[in-house]
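See below for the structure under consideration.
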Amino acid sequence: MSSKPQLNPQQQAAVEHIGSPLLVLAGAGSGKTRVITQKIAWLIREANVNAKNIAAITFTNKASREMKARVMELLSSEESRGLSVSTFHTLGLNIIRKEYKTLGYKAGFTIFDSQDSSTILKELTLNEAASEEQSEKDEDVRWIISRWKNDFISPEKAFEVATSSHEIHAAKLYRRYQRQLKAYNAIDFDDLILLPLQLFKSHPDILKNWQNKLRYLLVDEYQDTNICQYELVKLLAGARKELTVVGDDDQSIYAWRGAKPENIAQLQLDYPNLKLVKLEQNYRSTSRILESANQLISNNSHLFEKKLWSALGDGEKIRIIPCRTAEHEIETVIGEIMKYTFRDKAQYGQMAVLYRSNHQSRLFERYLRSNNIAYKISGGTSFFERSEVKDILAYLRLLGNTADDAAFLRVINTPKRSIGASTLEKLGNYANERHISLYAASQEMGFAQRVSQKAVARIQHFIHWLNDIMLAVQDTAPHALVERIVTEIAYEDWLLNTSASAKQAENRMKNVTEIIDWTRRLYEDGEGKETLSEIIAHMCLMDLLERNQEEAEENAISLMTMHTAKGLEFPYVFMIGIEEEILPHANSLEEDGLEEERRLAYVGITRAQKYLTITFAKTRNKFGEKLSCEPSRFLEELPEEHVEWADREETTQEQMQETAESYITNLQAMLDE
């Protein structure tokens, strides 16, 4: 194995720097993952840092898996033993698992997802007898609380920063929400970062232990860190300051979920001896694409100046195609797709259609299906957002933690057990009065006296069945337990009765089967995840959408938002709907988010390796009206010498002859095969 493949001088400098904090300003396609993985190998082999004292931190499970796989190609299993490569949230979970007693939790705590959090907040709102207007804003309240957590704002501090009656209402719910989570022995995703940070700030001795354990930190996509993540890294780095961060302020596109691109600038203030290395050579795209992206992003204010360049040649001009309507835009793009497959023998798997918002894909999907063109959608509904997946996992969560009220509420009537809403409301009120879980409350005589005998019988039937399952937890493999639950509740019949079609029910049942298979794999692979509670926690963190994509048809056009496309690359890229109020988005203009929208356009452009086509519609039907659309201001910010407007070009007779000859040549080649 070799840890010294071809690196350019800047990459080599980043790999071999040690002794002070390092910022690697890595432009799009500049080989940042190679730098991180090579640095891990260099630290172990040349700087004599033990692998168990190194932590590489990423933002997605996919990036973590890729990084780990590439490190394994460089190092032997002996050299890499103990190395930590994980997401921020997995690192936080590992810390909480070790320190849960100090944090005041019991073993086997539950991780609540966004739907669980929304359920609790709705219950709290109902208990408060909130106004109808406030009830309609419950989901917004969840986002406000999440933002406060990411900004390291406590429930008490939230009252000080609240600037409206709605935020004051959110602050009240925040305090009660945290109490409810603690009562359920549960944490939400934001707590996976917040709790370790609170722990380290209040327990210096525990912080010191973790600083000694994680002696060198490498952090990817640093521009996407929020305040809590920044502070967590800063505390772990401590006085030793052995830290390498990799980021690009031009690709910061997640402000809406708390990312602070200014964290890159803050590094210089917190670490005056910060070393800066710029990676500006792009290994992905042609010069025309890169120079266009450079000129576009130059209209933003910059923390650091950098200019991407490529040794891959000038390449083709960027094609900008105005279209009459949304339908005409799609027909045009499909025509371009067919042209590339015919002229260049391009494969569908080499192509991506990028858009600003998920809803833009719907009409496109219909046209692709009617033209028998294979496609796959990335970044849509994740595996864990599917109701059948959440149902089965809720059963498992309840087995692992009977105080998990969100899981209890989800499963008690799935499938239907004729337990009415009024009965559940009385159960909730009784549990709150007694300060116990719904599961515990459902078995007390005090509750039985408040509801009808029929209601008591139905709940007791469910509880008795659940208790029988719980008795089998210790002696039954987790996957066998899942199979038993699915069978005994007749879940497949439930899907047939509640799905729109038999085919949909079949597909949903396949997702249930995937849970069983995955539980089996986790159990048999071991790695400390063999107990039911550990398997559940692991599942809650995984983004199974990425696993599903591995099984998707390879030779298919990728449809995805520009946010989802970050980190990917394709020879042929189509950016659609590039209009004012779409990109830049109308809400972003109102919120003074123009620079982030420009960064999003920059990310879209730099996904293209060879060919980039940009389209927009002159009219769209919105709310039953035909409205005029203006092309995005970003199009005029692209350099004229590198773009080709379809409605401004003059096609010569010679060009038409060349195109015709090319078509005939390729047609003959196809016939000869």
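Quick caveat: nothing in here was measured; it's all calculated off a predicted structure.
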Please check if the side chain of [X] supplies one atom and the backbone of [Y] the other of a donor-acceptor pair under 3.5 Å.
{"X": "S146", "Y": "W143", "answer": "no"}
{"X": "S252", "Y": "D249", "answer": "no"}
{"X": "E595", "Y": "S301", "answer": "yes"}
{"X": "K278", "Y": "G27", "answer": "no"}
{"X": "S64", "Y": "T60", "answer": "no"}
{"X": "S632", "Y": "L583", "answer": "yes"}
{"X": "E569", "Y": "Q609", "answer": "no"}

Using 0.5 Å steps for rounding, measure from the [atom1] atom of [X] to the [atom2] atom of [Y].
{"X": "I614", "Y": "I605", "atom1": "CD1", "atom2": "CD1", "answer": "5.0 Å"}
{"X": "L368", "Y": "I334", "atom1": "CG", "atom2": "CD1", "answer": "5.0 Å"}
{"X": "T332", "Y": "I337", "atom1": "OG1", "atom2": "CD1", "answer": "11.0 Å"}
{"X": "N8", "Y": "L279", "atom1": "CG", "atom2": "CG", "answer": "6.5 Å"}

Q: Go through the side-chain N and O atoms of D314 and H642 and say whether any donor and acceptor fall under 3.5 Å apart.
A: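 Checked: D314/H642 side chains show no N/O donor-acceptor pair below 3.5 Å.
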(Q) Could you check whether T225 and N263, counting side-chain N and O atoms only, form a donor-acceptor pair closer than 3.5 Å? (A)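 There is such a pair (donor and acceptor under 3.5 Å, judged by atom type) between the side chains of N263 and T225.
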Q. Among pairs that include at least one residue of residues 347-365, which meet salt bridge (charged side-chain N to carboxylate O under 4.0 Å, His left out), considering only residues two or more places apart or in two chains?
A.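 Passing the test, one end in residues 347-365: R356-E597, E365-R369.
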If you count the non-hydrogen atoms of other residues, nucleotides and ligands that lie under 6.0 Å from [atom1] in [X], is the total more than 12?
{"X": "K610", "atom1": "NZ", "result": "no"}
{"X": "E641", "atom1": "CD", "result": "yes"}
{"X": "E581", "atom1": "CD", "result": "no"}
{"X": "K275", "atom1": "NZ", "result": "no"}

Q.
Counting C-beta onward and ignoring hydrogens, is there a side-chain heavy-atom pair between H302 and D250 closer than 4.5 Å?
A.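 Counting from C-beta outward, H302 and D250 do come under 4.5 Å.
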**Q.** Side-chain heavy-atom pair I44, I54 within 4.5 angstrom cut-off
**A.** yes
Q: Determine which pairs satisfy ring-ring contact (aromatic ring centres under 6.0 Å, His included) with at least one residue from residues 559-582, sequence neighbours left out, and list them in order.
A: Y254-H563, W256-H563, Y340-Y572, Y572-Y611
**Q.** salt bridge (charged side-chain N to carboxylate O under 4.0 Å, His left out) evaluation trace for R70 with E66
**A.** CA-CA 6 Å; R70 289 172 70 168; E66 180 185 352; 3.2 Å; yes
**Q.** Evaluation steps, side chain to side chain donor-acceptor pair (under 3.5 Å), between Q12 and E16
**A.** CA-CA 6 Å; Q12 195 71 45; E16 296 182 359; 2.6 Å; yes
**Q.** Salt bridge flag under 4.0 Å for residues D224 and K566
**A.**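 So D224 pairs with K566 through a salt bridge.
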(Q) Using salt bridge (charged side-chain N to carboxylate O under 4.0 Å, His left out), reason through E221 and K32 one step at a time and then give a plain yes or no. (A) CA-CA 9 Å; E221 304 286 11; K32 66 181 179 64; 3.4 Å; yes
